[in-house]
Amino acid sequence: MKLITAIIKPFKVDDVKDALKAIGIQGITVGEVRGFGRQGGHTETYRGAEYKIEFVPKIQVEIVVDDGAADGAIEAIKASAVTGKIGDGKIWVTDVERIIRIRTGEEGPDAI
Amino acid sequence: MKLITAIIKPFKVDDVKDALKAIGIQGITVGEVRGFGRQGGHTETYRGAEYKIEFVPKIQVEIVVDDGAADGAIEAIKASAVTGKIGDGKIWVTDVERIIRIRTGEEGPDAI
Amino acid sequence: MKLITAIIKPFKVDDVKDALKAIGIQGITVGEVRGFGRQGGHTETYRGAEYKIEFVPKIQVEIVVDDGAADGAIEAIKASAVTGKIGDGKIWVTDVERIIRIRTGEEGPDAI
Amino acid sequence: MRTFKPFRYAVGAALGAALPVFIATGSAFAEDEPLAAETVQAVLDNIWVLVAGILVFFMQAGFALVEAGLTRAKNVVNIMAKNMADALIGILCFLAVGYAFAFGGDGWFIGTSKFFLSGQAPFDWGSSGVLNLSTSTFFFFQVVFAATAVTIASGAMAERTKFVSYLFFSAVMTAVIYPVVVHWTWGGGLIKRINIGDAVYSDFAGSGVVHLTGGVAALVGAALLGPRLGKYDANGKPRAIPGHNIPFAVIGVFILWLGWFGFNAGSELAADSLVMFVAANTLIAGAAGGVFATATVWLKSGKPDVGMAGNGVLAGLVGITAGCGALNFLGAFIAGAVAGIIVVLAVLFIDRRGIDDPVGAVSVHGVCGLWGLLAVGLFARYDDAFLGREKAGLFYGGGFDQLAVQALMGLIIIAWVGIMSLITFTIIKKTIGLRVTQQEEMEGLDVHEHGSPGYSSELLGMS
Amino acid sequence: MRTFKPFRYAVGAALGAALPVFIATGSAFAEDEPLAAETVQAVLDNIWVLVAGILVFFMQAGFALVEAGLTRAKNVVNIMAKNMADALIGILCFLAVGYAFAFGGDGWFIGTSKFFLSGQAPFDWGSSGVLNLSTSTFFFFQVVFAATAVTIASGAMAERTKFVSYLFFSAVMTAVIYPVVVHWTWGGGLIKRINIGDAVYSDFAGSGVVHLTGGVAALVGAALLGPRLGKYDANGKPRAIPGHNIPFAVIGVFILWLGWFGFNAGSELAADSLVMFVAANTLIAGAAGGVFATATVWLKSGKPDVGMAGNGVLAGLVGITAGCGALNFLGAFIAGAVAGIIVVLAVLFIDRRGIDDPVGAVSVHGVCGLWGLLAVGLFARYDDAFLGREKAGLFYGGGFDQLAVQALMGLIIIAWVGIMSLITFTIIKKTIGLRVTQQEEMEGLDVHEHGSPGYSSELLGMS
Amino acid sequence: MRTFKPFRYAVGAALGAALPVFIATGSAFAEDEPLAAETVQAVLDNIWVLVAGILVFFMQAGFALVEAGLTRAKNVVNIMAKNMADALIGILCFLAVGYAFAFGGDGWFIGTSKFFLSGQAPFDWGSSGVLNLSTSTFFFFQVVFAATAVTIASGAMAERTKFVSYLFFSAVMTAVIYPVVVHWTWGGGLIKRINIGDAVYSDFAGSGVVHLTGGVAALVGAALLGPRLGKYDANGKPRAIPGHNIPFAVIGVFILWLGWFGFNAGSELAADSLVMFVAANTLIAGAAGGVFATATVWLKSGKPDVGMAGNGVLAGLVGITAGCGALNFLGAFIAGAVAGIIVVLAVLFIDRRGIDDPVGAVSVHGVCGLWGLLAVGLFARYDDAFLGREKAGLFYGGGFDQLAVQALMGLIIIAWVGIMSLITFTIIKKTIGLRVTQQEEMEGLDVHEHGSPGYSSELLGMS
Ligand SMILES: Nc1ncnc2c1ncn2[C@@H]1O[C@H](COP(=O)(O)OP(=O)(O)O)[C@@H](O)[C@H]1O
Ligand SMILES: Nc1ncnc2c1ncn2[C@@H]1O[C@H](COP(=O)(O)OP(=O)(O)O)[C@@H](O)[C@H]1O
Ligand SMILES: Nc1ncnc2c1ncn2[C@@H]1O[C@H](COP(=O)(O)OP(=O)(O)O)[C@@H](O)[C@H]1O
């Protein structure tokens with residue numbers, strides 16, 4: 001099984017969720033993060049003084065999927081999260097050795 | 001070493017922490033996330049209009065443990081986080097290649 | 001490629017970011033977490049009653065780097081995040097199988 | 001009565017002479033002459049109207065909180081800035097020309113003197129030409145009303161209007177649009193030419209003058225702007241965009257209610273026995289509005305939404321504003337209760353019609369403002385609202401005359417404010433533009449328009 | 001004095017006739033007759049009491065903020081909704097029957113006339129039967145007191161009470177329980193039959209009538225409900241459940257203090273020289289309460305808890321409420337200081353006894369309300385609180401009579417309110433239920449009872 | 001007029017005797033004697049000044065919100081605690097000795113009687129020695145001013161001052177430093193000895209007495225403390241530390257403005273025709289300040305910062321405080337507008353000079369307080385501020401005398417407050433220490449100084 005982690009633009013979260021649902025992904029975990037990257041930050045002003053915000057808000061999406069489903073999920077995220085503008089984010093994949101559903105104790109693909 | 005990631009119900013966080021402490025786990029990192037899964041969301045109303053909340057609040061627990069301690073930790077989380085109701089969450093395990101304690105520079109099991 | 005995860009003290013986040021930038025790391029994702037560890041928590045009082053806070057605020061830093069850049073990144077984090085006091089945090093490394101830049105679809109080291 | 005501060009005596013002595021008192025006030029009197037009770041009454045009239053005006057002023061904080069509470073965190077600075085700026089601009093514009101247009105003479109359409117309050121003795125009792133009120137007192141009370149009228153629109157136009165465009169609108173509103181409506185009613189304009197049979201139009205504290213006016217401008221503004229991004233789904237079905245801070249909204253409602261006691265009871269423009277009666281009516285109608293709105297939304301959606309309950313309180317208050325002197329306690333209860341029901345239905349209706357009004361301003365002020373005017377025609381019992389006769393309401397045997405004249409004037413206000421707002425907003429749209437860019441709207445107006453967010457978290461906010 | 005709005009003149013002219021003024025007010029006078037100073041005084045009395053009542057009304061916002069601040073974010077809508085709803089219901093119930101039970105005649109137990117204010121001339125000075133106050137004025141002042149009394153319980157019962165059950169309780173409280181206590185004291189009931197020696201029970205502004213009454217109901221409610229989930233650990237040791245917004249709590253305290261000047265100084269029911277003295281006492285006692293509570297909690301826990309400091313201010317205010325006219329500045333200081341110490345000890349004591357009172361309402365209003373009654377018996381110096389004699393306090397040589405009658409009446413109030421609350425809450429418990437389900441409590445009352453959370457984050461809140 | 005509560009009649013009857021009325025008030029009169037209009041005027045004077053004082057009291061909440069909003073979440077409890085504690089301490093210290101130092105006789109330097117208000121008849125009209133005000137009224141009004149003066153420094157010293165040290169400073173400020181300045185101006189001290197030509201120093205409501213005093217103390221405190229950690233980068237360039245809650249700051253500004261109507265208009269210490277004029281001036285100057293500050297910051301930084309707009313409003317208010325009776329509407333507009341510009345420049349200047357004033361207190365109160373004094377010298381038109389002559393301002397042909405005496409007294413205040421603050425803070429620094437530890441500052445004063453955070457999240461907050 002694979003853990004797919006995607007860093008996306010916040011306003012894309014619904015699109016990504018819908019795209020993943022559409023291909024049958026049944027579980028998603030998301031969190032608020034902040035990212036620093038090529039997009040750079042932006043300048044804000046407060047009481048007449050400028051300051052730089054380097055970390056911009058992003059959403060981190062995590063899904064564990066069966067090996068065979070990984071490519072489809074990645075494509076779905078790519079397609080739904082892309083705007084073509086800098087800062088669209090990354091997807092990375094790591095290997096998952098075990099997965100357990102707490103409620104039932106099921107393990108492996110059944111637990112996803 | 002293994003990284004054990006658990007997605008649990010928020011009000012279970014103290015129980016899980018106590019269970020992990022009880023078996024000798026000395027470090028835990030937790031974060032607020034939101035999850036979408038079989039549990040589904042729920043309907044809220046605002047100013048007389050309904051809307052659907054699909055992401056429900058969850059806590060993400062991360063612990064890095066020595067290979068030998070992984071099973072015990074998983075059992076402890078399972079036992080303490082379960083309610084038997086849908087939405088209890090998942091536990092997944094990935095392999096950790098290195099771990100370092102920043103303070104001392106120690107590496108490997110000593111750093112956990 | 002490697003995913004380097006560091007749990008650091010909140011006020012160290014700017015130092016770590018600067019250190020990573022200095023060695024050419026171009027992307028960082030950070031999130032707010034809370035940690036429990038050797039540092040222990042502290043006692044607070046509210047309306048005259050004491051209670052214990054076991055989870056202290058931490059920042060989780062995640063960077064995906066090319067295999068060759070991992071050691072340098074780890075050193076940079078270690079050097080910039082250390083205070084020598086208990087609670088400085090951990091760094092752990094996991095293997096990343098794929099990484100994709102959403103904007104362009106680039107894969108692998110180019111996508112970092 | 002001239003007064004001295006303590007050191008004054010000493011100063012006088014030090015300088016070796018009793019310093020003459022230069023300023024002549026209406027109530028000035030020589031020390032030997034006994035003070036007339038009429039003079040004390042004049043002081044009391046002015047003090048009360050000032051205190052009432054101070055309460056009305058505080059409604060600015062109430063509007064700011066209600067609007068902030070019912071919108072999103074990323075636009076909270078913008079909402080606050082608009083609520084502050086429209087007050088600032090409103091005060092200065094009304095001082096410069098608005099007061100003159102409203103009270104400078106009795107042509108049917110518009111006043112033409114007293115610009116910049118020029119030539120108005122600021123101190124003397126009665127110098128405003130209105131009862132015992134001095135120019136200062138009357139100006140103070142009227143200018144805080146103007147600030148209230150303009151601020152109504154900011155809620156309906158929240159989360160997508162360009163800041164500078166809103167400022168421009170605020171200036172036009174307080175300089176021209178609103179003052180003309182005031183002139184027609186309280187300034188002695190149109191009202192004198194419009195009567196149906198015996199019935200003279202009556203709007204004691206401004207259901208029409210202030211609230212209908214503000215509500216119509218709000219409607220035009222919201223319609224021209226279009227809905228917020230994401231407010232309607234692909235099928236045009238409205239989606240809820242929950243407000244970010246409900247406690248703010250509720251505290252805002254309490255502050256507005258507080259201010260409303262000044263708004264309504266101060267509109268007597270004197271300290272007499274009607275004042276307390278008006279305050280009691282204001283209390284009763286607000287309570288009835290809140291209870292009936294809660295019940296209505298509870299029945300319709302299964303939940304007692306507290307934001308809607310707050311809207312109901314405000315609706316009840318708007319509903320009694322015209323008739324707060326003319327209706328008895330029962331009438332106040334009914335006017336408030338009906339307003340509470342109306343507001344919920346109106347919010348849901350307007351939402352479905354594609355007009356995006358985040359805080360319900362059109363429903364509360366516009367729809368219930370009109371209802372308030374009509375309520376006088378239906379339930380007027382007393383002649384405390386300058387109706388010219390007792391029992392003018394339909395249900396008290398007064399026939400349809402009063403109702404008709406109320407409706408007529410309501411329509412005239414709607415037409416005037418509607419057309420003028422349309423012109424103003426259209427000019428803005430064609431020139432500087434009315435709406436922020438899509439990116440600004442998505443990322444929030446706070447950072448883009450005002451430089452930084454309303455809620456900064458230290459952790460990752462700085463570098 | 002009848003007043004005209006500006007256009008009025010014009011209207012009269014336009015209609016070709018001076019319109020007769022229909023309404024007869026106590027202060028009406030023909031234009032030729034000189035105005036009597038007594039009439040102006042009557043106007044002033046009513047204006048002052050109205051202004052004081054408006055300040056008391058604003059205490060609703062203060063209670064809402066204090067209670068919201070000291071509880072958790074997931075229940076903030078519920079707290080706000082309860083604070084708004086009990087005011088709305090309280091106003092209507094007190095209008096319907098509460099006022100009648102309180103002031104409708106002088107039977108020893110309960111009033112029996114004036115339901116719905118029927119037959120009461122709303123305008124005339126003195127028409128309420130109380131000094132110069134018109135029915136409108138007196139009703140206004142009394143009804144905002146009723147809204148205050150009922151809202152006290154909401155804090156103690158926070159975070160676990162069913163909304164509809166709380167509404168039911170609010171209705172009973174403002175319709176029956178509270179009005180009867182008012183009748184006994186200010187309505188001329190029991191008070192006339194109970195005197196010990198020369199000593200007549202005295203409760204100037206309601207340490208007993210309002211605060212003890214509210215506090216006892218709060219205690220019964222909190223006890224019957226049981227503690228919040230997680231409030232006590234397995235060994236029954238109390239655990240801290242920190243409030244989610246301390247600034248709210250502190251601002252709430254300031255608003256309450258503001259309102260208290262109306263509460264205490266308005267209770268003179270006239271504009272005279274006692275009013276300012278009462279206000280000064282209110283200021284001093286609040287300050288003393290805050291300082292001594294801060295010191296006490298600092299000594300006991302090592303930290304100057306600001307929520308407790310706020311409780312101390314409120315305790316000081318409750319402690320001076322009965323004696324604000326009878327105690328001199330020194331007495332006010334002592335009454336406040338002692339209340340500040342008491343409240344901290346009481347909060348800790350009640351917490352340990354298994355009664356979960358999230359905001360300290362029982363300690364502030366109940367315990368210190370009783371203390372306020374006793375303080376009159378100890379320190380009464382002046383006869384401004386209708387004691388019938390100067391120096392009635394024990395420490396001024398007045399002996400034990402006053403202290404005894406204060407204690408006696410305190411016990412009677414405790415008994416009455418305790419029993420009535422017990423009956424009311426028990427009926428609710430057996431029928432609709434008093435407490436939300438465990439799931440609702442854990443996930444928060446906001447979403448479950450009111451439909452949506454108090455603080456919505458846009459990011460992940462919508463779909 | 002003695003008043004009775006309703007039951008009073010009955011009690012009298014029950015006891016078989018009309019109870020004598022013991023308390024003698026200035027306005028007491030036998031029932032048969034007709035009431036003099038002068039008496040009613042005295043009541044009205046006192047009622048108005050009390051109401052004004054109540055508004056001033058409420059400024060505490062405004063200061064707390066502005067300061068909390070412009071600082072960080074981790075220190076919000078501390079800010080709230082300081083704002084509450086300095087009011088509590090201020091009230092008690094001013095009661096004990098401050099009032100005496102300010103008003104206890106007319107030595108040039110300091111008052112020496114009336115400690116603890118001893119020997120002062122609390123009720124009688126005029127018993128304060130100031131016009132018709134009773135001791136209670138005058139004390140009330142003065143003590144809330146003292147609480148205002150002390151609270152100014154808390155903002156400039158925010159986020160790094162030890163709580164106990166701040167308490168100590170508050171006591172010295174309200175017991176000695178501030179009362180002496182009051183004595184010099186309103187207490188009849190220095191002011192009588194300092195005049196240039198005809199010109200007598202004039203500070204109607206306290207641009208100098210309150211705001212300059214508070215601002216100078218704030219400056220000394222902020223300078224001695226040093227900047228917050230991270231406020232300046234390695235090169236000494238200031239870095240922005242954004243406030244955590246902008247809506248708090250804006251609502252705070254509205255509350256302060258509300259209170260300012262009491263502050264300025266109440267300073268007439270009587271109910272007469274100047275009161276409303278002063279209120280109108282206060283409205284105009286605040287609006288002008290806000291508009292011009294917004295424009296200035298917009299031009300300088302490209303964004304209409306709303307916190308700065310709020311500072312501008314406050315600057316305008318401070319700028320008109322001395323001249324609110326002497327300047328006409330145009331003068332008020334100019335005084336406010338100039339203050340609005342000054343405050344923005346001053347904030348940026350002070351920031352660059354290494355003085356870290358998180359909320360701009362030095363600029364708003366100190367710099368614009370001085371400006372307010374000078375504005376009288378420039379624009380004084382009327383003699384309502386006890387100037388001794390009309391048209392004293394330079395621009396009205398009054399020459400330089402008035403300007404010179406204003407500047408002179410401004411310098412004296414700066415010297416006195418500067419030196420005294422320096423001594424006080426230095427003693428504190430050498431003994432208990434002025435600043436928290438680096439760790440406490442980084443982790444927040446809330447947990448370290450007060451025990452727990454201002455915003456608790458349930459999720460991970462408890463164990
Ligand atoms: N090497 C990396 N490791 C971890 N997160 C990264 C990395 N590079 C980028 N990110 C995350 O992805 C986000 C977008 O990256 P950015 O470089 O700004 O744009 P793009 O992906 O379009 O090139 C960043 O804000 C950061 O959160
Ligand atoms: N495939 C998945 N990948 C990542 N997170 C998941 C996945 N499936 C479930 N989750 C997380 O676990 C939570 C519980 O899952 P859910 O399907 O609702 O219940 P259960 O685990 O009892 O079947 C979800 O809210 C989500 O946060
Ligand atoms: N085994 C672990 N797994 C996950 N996170 C850990 C682990 N051990 C420590 N941490 C994280 O690192 C933080 C610091 O660890 P701690 O033991 O307090 O200090 P130190 O790293 O200096 O020994 C903890 O608060 C926690 O967030």
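Residue numbers begin at 1 in each chain, while the letters A, B, ... track the order of the sequences.
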>> Quick check for you: to the nearest 0.5 Å, what is the distance between E/Leu92 atom CG and D/Phe292 atom CZ?
In response: 8.0 Å

>> Minimum heavy-atom separation for D/Ile251 and E/Ala64, please, with both atom names.
In response: CD1-CB, 4.1 Å

> Taking the side chain as C-beta and beyond, is there a heavy-atom pair between D/His244 and E/Ser457 under 4.5 Å?
Replying inline: no

> In terms of heavy-atom proximity below 4.5 Å to chain D, should E/Ile91 be classed as side chain, backbone, both, or neither?
Replying inline: side chain

> For the residue pair D/Lys303 and E/Glu449, what are the closest heavy atoms and their distance?
Replying inline: CD-O, 3.7 Å

>> So for D/Val297, is it side chain, backbone, both, or neither that comes closer than 4.5 Å to the heavy atoms of chain E?
In response: neither

> How long is the span from the OG atom in E/Ser452 to the CG atom in D/Asp305, to the nearest 0.5 Å?
Replying inline: 5.5 Å

> If you look at every heavy atom in D/Leu44 and E/Val40, which pair is closest and at what distance?
Replying inline: CD2-O, 4.0 Å

> Counting only heavy atoms not in E/Phe168, do more than 12 sit closer than 6.0 Å to its CZ atom?
Replying inline: no

>> If I compare all heavy atoms of E/Ile47 with all of D/Ala271, which pair ends up nearest, and what's the gap?
In response: CD1-CB, 3.8 Å

> Which atoms of E/Leu117 come close to chain D, meaning under 4.5 Å heavy atom to heavy atom: side chain ones, backbone ones, both, or neither?
Replying inline: side chain

> By a 4.5 Å heavy-atom criterion (distance strictly below it), what part of D/Val278 contacts chain E: side chain, backbone, both, or neither?
Replying inline: neither

> Is D/Lys300 atom NZ crowded by more than 12 heavy atoms from other residues, nucleotides or ligands, each under 6.0 Å away?
Replying inline: no

>> Is E/Ala85 close to chain D through its backbone or its side chain, or both, or neither, when contacts mean heavy atoms under 4.5 Å?
In response: neither

> To the nearest 0.5 Å, how far apart are CG in E/Asn132 and OG in D/Ser273?
Replying inline: 12.0 Å

> Contact part of E/Val49 toward chain D, heavy-atom cut-off under 4.5 Å: side chain, backbone, both or neither?
Replying inline: neither

> When you look at D/Ile246 and E/Tyr455, which way does the side-chain contact (heavy atoms from CB on, under 4.5 Å) test go after all the steps?
Replying inline: CA-CA 7 Å; D/Ile246 302 302; E/Tyr455 306 107; over 6 Å; no

> Side chain, backbone, both or neither: which part of E/Ser134 has a heavy atom under 4.5 Å from chain D?
Replying inline: side chain

> How far apart are the closest heavy atoms of D/Pro247 and E/Gly454, and which atoms are they?
Replying inline: CD-O, 4.0 Å

> Taking the six-membered ring for Trp, is the centroid-to-centroid distance between D/Trp260 and E/Phe57 below 6.0 Å?
Replying inline: no

>> E/Phe163 vs D/Trp298, test: side-chain contact (heavy atoms from CB on, under 4.5 Å). Steps then yes/no.
In response: CA-CA 12 Å; E/Phe163 185 59; D/Trp298 206 336; 3.7 Å; yes

>> With rounding to the nearest 0.5 angstrom, report the CD to CD distance, D/Gln41 to E/Gln41.
In response: 11.5 Å

>> Are E/Phe58 and D/Phe261 packed together at the side-chain level, in the sense that at least one heavy-atom pair is separated by less than 4.5 angstrom?
In response: no

>> Less than 4.5 Å apart, side chain to side chain, heavy atoms only: is that true for E/Leu95 and D/Ile284?
In response: yes

>> Which atoms of E/Ile79 are under 4.5 Å from chain D, going by heavy atoms: the side chain, the backbone, both sets, or neither?
In response: neither

> Within the distance-only criterion (no hydrogens, no angle test), does the side chain of E/Gln60 pair as donor or acceptor with the backbone N or O of D/Phe254 below 3.5 angstrom?
Replying inline: no

> Is E/Thr135 close to D/Phe277 at the side-chain level, that is, under 4.5 Å between some pair of heavy atoms?
Replying inline: no

> Strictly under 6.0 Å, is that where the ring centroids of D/Phe329 and E/Phe116 end up?
Replying inline: no

> Which region of D/Ala309, side chain (C-beta onward) or backbone (N, CA, C, O), has a non-hydrogen atom less than 4.5 Å from a non-hydrogen atom of chain E, or is it both or neither?
Replying inline: both

> Using non-hydrogen atoms only, which part of E/Val447 is less than 4.5 Å away from chain D: side chain, backbone, both, or neither?
Replying inline: backbone

> Can you name the nearest heavy-atom pair linking E/Ala36 to D/Ala37, along with the distance?
Replying inline: C-CB, 4.0 Å

>> Between E/Val76 and chain D, with a heavy-atom cut-off of 4.5 Å, which part of the residue counts as in contact: side chain, backbone, both or neither?
In response: side chain

> So, do D/Met276 and E/Trp125 sit near enough that their side-chain heavy atoms are less than 4.5 Å apart?
Replying inline: yes

>> Less than 4.5 Å to any heavy atom of chain D: does that hold for the side chain of E/Leu50, its backbone, both, or neither?
In response: side chain

> Which distance, rounded to the nearest 0.5 Å, do you find between the CG of D/Leu258 and the CD1 of E/Ile54?
Replying inline: 7.0 Å

>> Less than 4.5 Å apart, side chain to side chain, heavy atoms only: is that true for E/Phe248 and D/Phe248?
In response: yes

> At a heavy-atom separation under 4.5 Å, does E/Ala68 approach chain D through its side chain, its backbone, both, or neither?
Replying inline: neither

>> Just verifying a value: how many Å separate D/Leu330 CG and E/Ser118 OG, rounded to the nearest 0.5 Å?
In response: 11.5 Å

> Heavy atoms, side chains only, cut-off 4.5 Å: are E/Pro34 and D/Glu38 in contact?
Replying inline: yes

